[in-house]
Amino acid sequence: MDESMRSLEIYQTNPVDSCEQCFFRRSNAIRRKGRRVISTRATFRRSPHFQKCVNQNQTDKVYRYILKRLRILQMKKIRIKSQFGVKFLKKKNRLSKLFQWNSAMNGPQPKTVGDPRIAQVDNGFFEKFGSLFREQAEMAQTREQVEKEQVAEAAAQLVPKEDDDEEPETPPASVDSETSSSDSQIDENEFENDFIATAFNPAAYWWCENFGPEANQLLTQHIAQSGLSPTEVALCSYSVYAGIHQSHPLSFCIFSKLLEKLLKPLQTEMILEEDMKLFWEATRKLLPSCFAVIRRIRKKNANEKTVMKQVIEVLKIFNYVMALEPTNIDLFPQNLYPWITFHGDDPNCDIAGTLQDAISKGAGDWLNYLIENNKATAETALARLQNLIQLLQLVRSDLQKAIEFYDKLFIEHVNFQYAKSLYIFYQAKISTLCEPEVRQICKNLKTLDYSGYDFGNGPVNTDPTVDPLAEGTSLFDLYLTIQRFVILGQGICPSDYNGFHIKNFHQWFHAGVAQWLDIAVYKALQRIEKAIELDQLVHIDTSVKYSSSAVDTLTIFYQVNTFWQQLNWPDVESCYTFIAKIIDDICRCCIFYAEKMASKVDGMGDIENIYEKKFEVTNEWCLAINNIDYVRETLEPFTNDLGMEEILKKILELKSPVDAQRCRDTLNMVISNAIDTVRNAIIELLQTVVQKMAPSMKRLLIEGAELCNQDNNSIDRLMSYVDRNLETMHRELNEENFNRTLEIVWDMLSQTLDEIIQTNLENRRPPSFFANLQKTLKLMLGAYKDPTDCTSCDSLKRTEQILRINGLETSDLIHEVHLELAKKFDELPESPYGEISFRCKFDGDVLQVEVINARDLAAMDSSGASDSFVRIHLLPEHKFSSIDKPKTKTHNKTLFPLYDETFTINLSPEQREIKDGLVLLSVKDKDMLGYNNQYIGEAFLRFKDIPITSESLSNLPQVKKWLGRPTSFEMDTIKALEHRLGDKQAKEFLKKFKQRLAS
């Protein structure tokens, strides 16, 4: 048994009266073995606890406290260092100065947990680390000078003045040695509490081994005198600091620096097994606070340099510990780490796995905190949606912070993807939290209830204070929030993304997309209505011919496009359906815009006074028309911007070309129908303008027809009205709309004139009325456009033709019938009435006609033959009334008569120059009595088609014509004649015409 244990037995059998004398006796016994314990009685004389024990005659308790320290020291069998890290000072004056200095720094220091080799001796060298740490912290706080003086004065009062030659005081008689151990323990704690009470506590995680000059001198002296190697110093420091760190956190940079020094020796096994155990025991004490930093990382402000430095130092500690590759060491006992997922009988030394668990635990605690402190304000679907949005925004903010501040640090120091680990945890939690809620809300969504565009019957809610669209809008906001979260995950976890459940989050919202589209179009209609309301119907720029509402409407359409781009729906087939609906909805918006714009300008331009009521085309009307057309023109580019082609390509990849083409055709048809629908809306508005002009134009037309040849200003007023409106439309409308308007005007004029014609025919107005009406129309057409362009206006062309026909005199009208028949007979491909051959020529003013023969005449007799002859008529009859009507001989009983007769007809120069003159060859079947000749057929030859020559007639080619007959009374000329009931010439002609009709 060594000397120390013998000293213990001596004390137990022969206790001494003075605790100081016993202390020095034990110290001398150990010193004789080469292990010195340097202390002085001043150490205890200057202690508040010592003074208290002396005053209370409790020296025996002080003795037992000292003896306990000695016993622990001897059991470890190691070299003993003095409490203050200096060798034994023989000169008492130097020792006194040293203790005075220590007392001035707030006296004795608290108990710390130290190295099993050294620091477990609480009055040993490394306890001095704790003392110096607390003293240095006090100095670093830069106390006020007054406080320092007060502390020094109080310390001086506790230190009794003693002479260097003063003998040790004799303690009072010893107390009964059977004092209970519990009393001893209480006194020992009191002694420690005195130390702590007189020490200064620095801020947590602040002190980083910055000793003052005096402390550094003491430590340097001790290390040099003890012969400690740098590795031993680092190991002992690491052990002592880890113990102190448990009760008073130190700066992590101390441990990272010490681990850096110890890494190589530990890896090369240059440290004894006992020292290795010491190291891992200290590491086990250190790691909980390190993982606590990771778990509570969100409680710190990442923008503070001290916070980032602390995280960096913790990661360095992890890196150094992982580099040592610990095995068979239980670094993470279950009682200290209840949150780890490690399960097994083997010791847990997995740093990376525990780091993953710590990150998940921290994220989970924070997420639970958010859920607990951000509960929905009400039990409604809207409140729950807004709560989920807020929660997701906070989670995404945490991920952004992880990427911005921490991820690079984790990868650099421990090769750990912090943001990825965090995202994997969050995506699973968010899926679990959001999916059932979203599906239930989408299932309960109600269809928007509004009819057409009547916002008075728009969506309603049982609670008038709640927006009926808010629930669907918030649902879409949640969709966008999750979408941004998922996109963030694609960048953080590109390789693991396809395995995440949240990847298919869009399926949760599928039932709500239809309402989102309804909300989009409903809001678009509201904004369009507001845009039209604010439109002043003035040019937004001198270079364009539309106003603000057209531009606003286009912007609104592209807001719908923005909604579609934000939706970014990944399912191709659903995309196709949604795009078709969007196109249809945009078409509805265009029609709505046209209707609202028409309503806005309705009433503008109406003029009424005591004399008349009329409509003038205004700039506002023209701008309204241009606006609608501008909106229509944006439809096709808008559909292209929706990404229709990309969707069709994806359909082609997923399905067959036939399916892709069918989808393309369907979408094109939807677009085409939408464009046509809007174009029709424009035409309707133009028609409204023209219809407003119609009454004035009709009245002026009638006045012009009535008073055209009189001294009246009706024509002037008509032309002035036309000119004013024409100028306005030409100036304000774009070219396409101007031409379109004119076409509508022509149609309107045609309809108006038809009404005027019909009314006046029934009223038996004279031809002069219709002639004047035609003249007025020509003046108007000449003002509106080039008359040659009227050829494309079929309705107006026909109306003008009717006016021309009804404006003719009866004789001219009869000739018009013949001209019309001549044109029709020339187009006959064949005829059942036969064919006639003849020759004609003009020789000066002489007309020569040779009737040669006829072929395949229609049988008019019961015998199947005909008794035919040919009579020659020159038309118009009223201009050739002085000319005889020659005829051929009758050829009986034949269908192929050979007439072979020539007739010479002398004409006047005026008759010869008639441009629309006709030669009519009428073939008839002779009646036996000659009173009822039957009509076989007839053929016409125009004067302009007869050659002018002096050559013999026989040398000219034969002219062959099919014989024809009128087929019906449905001719404009015949109808015009029928309306002339009081005209004898018209009656006689119609009677003969009826006989000529084909049966």
Side-chain angles (χ1 to χ4, degrees), residues 448 453 455 469 472-473 475-477 479-481 483-484 487 506 512-537 539-541 543-570 574-597 600 623-649 667-668 670-679 681-682 734:
L448 294 182
Y453 313 117
F455 294 113
L469 306 179
T473 303
L475 185 65
F476 183 66
D477 291 339
Y479 175 90
L480 294 181
T481 306
Q483 184 187 69
R484 287 191 288 268
I487 293 173
H506 65 279
V513 176
Q515 190 183 68
W516 293 345
L517 296 176
D518 288 341
I519 291 174
V521 68
Y522 183 78
K523 288 186 175 181
L525 294 174
Q526 287 180 317
R527 292 166 183 164
I528 288 172
E529 188 174 41
K530 188 65 176 179
I532 294 174
E533 179 183 342
L534 298 176
D535 193 356
Q536 299 298 319
L537 289 176
H539 297 281
I540 61 173
D541 189 83
S543 61
V544 297
K545 292 186 177 182
Y546 46 82
S547 62
S548 62
S549 63
V551 180
D552 293 339
T553 300
L554 181 60
T555 303
I556 292 167
F557 288 172
Y558 277 90
Q559 288 174 348
V560 176
N561 185 27
T562 301
F563 155 76
W564 174 247
Q565 299 300 333
Q566 289 177 335
L567 187 62
N568 193 22
W569 197 260
S574 297
C575 277
Y576 166 75
T577 304
F578 296 153
I579 279 186
K581 186 178 187 311
I582 289 174
I583 294 173
D584 184 62
D585 289 340
I586 292 299
C587 176
R588 293 168 58 193
C589 291
C590 289
I591 297 173
F592 176 74
Y593 179 80
E595 292 177 351
K596 288 297 179 180
M597 185 57 67
K600 184 176 181 68
L623 280 175
I625 295 169
N626 289 341
N627 287 346
I628 298 171
D629 194 50
Y630 177 77
V631 170
R632 177 192 62 81
E633 291 174 351
T634 63
L635 275 177
E636 192 165 357
F638 173 80
T639 57
N640 293 331
D641 291 341
L642 287 175
M644 185 178 72
E645 288 299 326
E646 289 75 8
I647 293 174
L648 292 174
K649 288 179 181 178
L667 287 178
N668 288 336
V670 172
I671 296 170
S672 177
N673 291 340
I675 294 174
D676 290 342
T677 302
V678 178
R679 183 181 287 111
I682 297 173
N734 58 44

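Only heavy atoms go into these numbers, but all of them, side chains included; no hydrogens, no water, no symmetry mates.
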Apply side-chain contact (heavy atoms from CB on, under 4.5 Å) to residues H539 and L623 and explain how you reach the verdict. CA-CA 8 Å; H539 297 281; L623 280 175; 3.5 Å; yes

Report the C-alpha distance between M644 and L667 in whole Å, list the side-chain angles of each, state the deciding distance to 0.1 Å, and finish with yes or no for side-chain contact (heavy atoms from CB on, under 4.5 Å). CA-CA 9 Å; M644 185 178 72; L667 287 178; 3.4 Å; yes

Output, in order, the C-alpha distance, side-chain angles, deciding distance and verdict of side-chain contact (heavy atoms from CB on, under 4.5 Å) for K523 and Q559.
CA-CA 10 Å; K523 288 186 175 181; Q559 288 174 348; over 6 Å; no

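Note that OG1 of T553 and OH of Y630 are 10.0 Å apart. Values are rounded to the nearest 0.5 Å. Separation of atoms NZ (K530) and CG (D552) is listed at 12.0 Å; rounding is to 0.5 Å. Within the model, atoms CD1 of I528 and CG of L554 stand 10.5 Å from one another, a figure rounded to the nearest 0.5 Å. Atoms CD and CG, on E636 and N668 in that order, are 8.5 Å from each other to the nearest 0.5 Å. With rounding to the nearest 0.5 Å, the separation of CD in E645 from NZ in K649 is 7.0 Å. To the nearest 0.5 angstrom, L635 atom CG is 9.0 Å from I671 atom CD1.
Under the 30°/60° scheme for interplanar angles, the aromatic rings of W569 and F578 are found to stand perpendicular.
Taking both residues in full, the closest heavy atoms of A520 and V560 are given as O-CG2, 4.5 Å, listed atom of the first, atom of the second, then distance. What you find for L525 and F592 is that their closest heavy atoms are O-CE2, 3.3 Å. Considering every non-hydrogen atom in both C589 and V521, the closest pair reads SG-CG2, 3.7 Å. The minimum heavy-atom distance between I519 and G472, with the atom names listed, is CD1-CA, 3.7 Å.
Side chain of Q483 to main chain of L567: a donor-acceptor pair is present (N/O by atom type, distance under 3.5 Å, no hydrogens or angles). Although no hydrogens or angles enter the test, the distance criterion places a donor-acceptor pair under 3.5 Å between the side chain of N627 and the main chain of S547. In this structure, K545 contributes its side chain and N626 its backbone to no donor-acceptor pair below 3.5 Å.
Contact of the M597 side chain with the D535 side chain is registered, since non-hydrogen atoms from C-beta on lie closer than 4.5 Å. At least one side-chain heavy atom of V631 sits less than 4.5 Å from a side-chain heavy atom of F557. Under the 4.5 Å side-chain criterion, counting only non-hydrogen atoms from C-beta, I582 is in contact with L517.
A salt bridge is absent between D584 and K581; no separation between the charged side-chain nitrogens and carboxylate oxygens falls under 4.0 Å.
For Q566, the CD atom is densely surrounded, since the number of other residues' heavy atoms within 6.0 Å is greater than 12. Within a 6.0 Å radius of CD in Q536, other residues, nucleotides and ligands contribute 12 heavy atoms or fewer.
Side-chain N/O atoms of N561 and Q565 include a donor and acceptor closer than 3.5 Å. A donor-acceptor pair shorter than 3.5 Å can be found between the side chains of Y558 and D641. For the residue pair S549 and Y593, a side-chain donor N or O sits within less than 3.5 Å of a side-chain acceptor on the partner.
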